[in-house]
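What follows is a single structure, written as structure tokens, with notes after it.
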There are 2 protein chains.
Amino acid sequence: MNQPIQGQSGQALLFLTDDQLRKGIEAMFFAYRGFTADPDRILEDMAYGRAHHRAIHFIHRSPGTTVNNLLGILGVTKQSLNRVLRTLIADGLVSSTVGHRDKRERHLHLTEKGAALERSLSDAQRERMRTAYRAAGPVAVAGFRQVLEAMMDDEMRHHYRAMVDKPDGR
Amino acid sequence: MNQPIQGQSGQALLFLTDDQLRKGIEAMFFAYRGFTADPDRILEDMAYGRAHHRAIHFIHRSPGTTVNNLLGILGVTKQSLNRVLRTLIADGLVSSTVGHRDKRERHLHLTEKGAALERSLSDAQRERMRTAYRAAGPVAVAGFRQVLEAMMDDEMRHHYRAMVDKPDGR
DNA sequence: CTAGTCATGTCAACATCACTGACGTATTGT
DNA sequence: ACAATACGTCAGTGATGTTGACATGACTAG
């Protein structure tokens with residue numbers, strides 16, 4: 001089991017049993033629960049949910065992003081996103097400014113208040129990530145990222161690469 | 001960056017920047033989308049959703065499991081699970097039989113019809129997993145599983161280990 | 001044997017988050 | 001001028017989750 005077999009292009013092929021794959025599937029399921037657990041706990045007290053977290057995360061990640069860009073990244077309908085953005089803007093966590101070049105566009109930024117919430121959310125999530133990374137070690141981390149990237153849909157991998165390649169997220 | 005630093009217990013510590021951790025967070029987000037995309041596509045035509053998929057998966061995984069056990073694994077309220085189970089039983093995908101030793105318990109099994117749906121769902125998901133595993137290679141796969149396991153909550157890791165250690169899922 | 005606990009099912013009410021479809025407004029590009 | 005684009009919004013619907021309350025039958029400890 002798990003023995004590399006030489007493929008035609010020189011790439012190592014794996015003999016993968018259904019059982020091995022199932023373990024990976026269940027690992028994804030349980031790990032994603034842990035992954036979202038900490039931010040969920042913080043958000044449940046406020047009137048916000050996971051959708052707000054995602055919006056806040058990617059606005060922080062790409063300040064000045066447009067609504068359309070965010071739609072592509074999040075992969076939801078504009079009605080869904082709008083409901084979230086409306087409350088975030090009304091509560092003063094996100095600012096929406098008319099575009100300079102193209103006045104149809106709205107550029108989204110976090111306010112001080114929004115940045116503070118983002119920090120508390122991502123601190124919790126990063127802490128869990130840091131612990132997991134340390135427990136697993138650098139080689140495991142590299143493999144982790146490789147497998148995740150290979151698991152994405154093409155469009156999502158495109159978004160992911162575009163963001164990851166940016167040096168510091170601005 | 002990413003240089004291992006020798007920790008006090010001989011364990012390698014990592015110097016982890018917020019930026020590296022953020023990439024891991026985003027990788028999880030995008031990869032999970034891909035992970036659920038194929039089953040979601042199959043289910044959207046029927047009256048079922050992701051919750052039905054999860055129930056079917058774990059009933060297949062542990063045939064004869066009780067409602068309470070399933071509640072612990074899925075981490076939802078009994079009202080939520082019951083709504084899903086009710087439709088699955090009514091549609092003849094799942095059978096519920098009174099316990100032998102303890103007649104309060106109900107033992108859940110997939111019917112032929114339920115097993116057929118499970119197969120089509122897991123075939124799609126396994127195929128994506130297999131492709132990702134092959135693309136990343138055996139070392140990456142081991143690291144992937146290590147990091148995911150380290151990311152789980154204790155309770156979920158307990159469920160995970162209990163299931164993974166079983167030889168063939170029965 | 002009685003009382004308490006347990007496993008399950010169910011009703012009602014409600015919140016979040018997603019969807020489709022339609023419509024309006026302002027702006028931009030051809 | 002006209003079409004396409006970016007955005008916002010209204011209305012309706014569905015899946016999934018929650019809390020709280022209540023009922024039934026079965027086991028279990030006193």
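Throughout, protein chains are lettered first and strands after them, A, B, ... in sequence-line order, and every chain is numbered starting at 1. Nothing here was measured: the structure is a model prediction, and the numbers come from that model.
Within residues 45-52 of chain A, the residues that place at least one heavy atom under 4.0 Å from DNA chain C are, in residue-number order, Ala47(A), Gly49(A), Arg50(A), Ala51(A), His52(A). Within residues 90-111 of chain B, the residues that place at least one heavy atom under 4.0 Å from DNA chain C are, in residue-number order, Arg104(B), Glu105(B), Arg106(B).
For the pair Thr77(A) and Val67(B), nearest-nucleotide mapping onto DNA chain C gives the more 5' position to Val67(B). Remark on DNA chain C: of its neighbouring residues Val76(A) and Leu71(B), the 5'-side contact belongs to Leu71(B), judged by nearest-heavy-atom nucleotide.
Distance Asp40(B) CG to dA15(D) C1': 12 Å, rounded to the nearest Å. Here dG17(D) presents its C1' atom at 14 Å from CG of Asn82(B), a figure rounded to the nearest Å. Put simply, CZ on Arg83(B) is 8 Å from P on dG17(D), counting in whole angstrom units.
Donor-acceptor pairing under 3.5 Å is lacking for the side chains of His53(B) and Glu118(B). Neither side chain, His107(B) nor Thr65(B), offers a donor N or O lying under 3.5 Å from an acceptor on the other.
A continuous path of ILVMFWY side-chain contacts below 4.5 Å connects Val164(A) to Leu74(A), so both sit in one hydrophobic cluster. The cluster map of Ile, Leu, Val, Met, Phe, Trp and Tyr, joined by side-chain heavy atoms under 4.5 Å apart, puts Phe144(B) and Val139(B) in different clusters.
One axis for each end of the helix from dC1(C)-dG30(D) to dT30(C)-dA1(D), each built from five base pairs, and the angle between them comes to 20° at 10° resolution.
One finds the CG atom of Leu108(A) at 9.5 Å from the CG atom of Asn69(A) (value rounded to the nearest 0.5 Å).
Ion pairing between Glu127(A) and Arg130(A) holds under the 4.0 Å rule for side-chain N and carboxylate O.
Note on Arg86(B): only backbone sugar-phosphate atoms sit closer than 4.0 angstrom, heavy atoms only; bases stay farther off.
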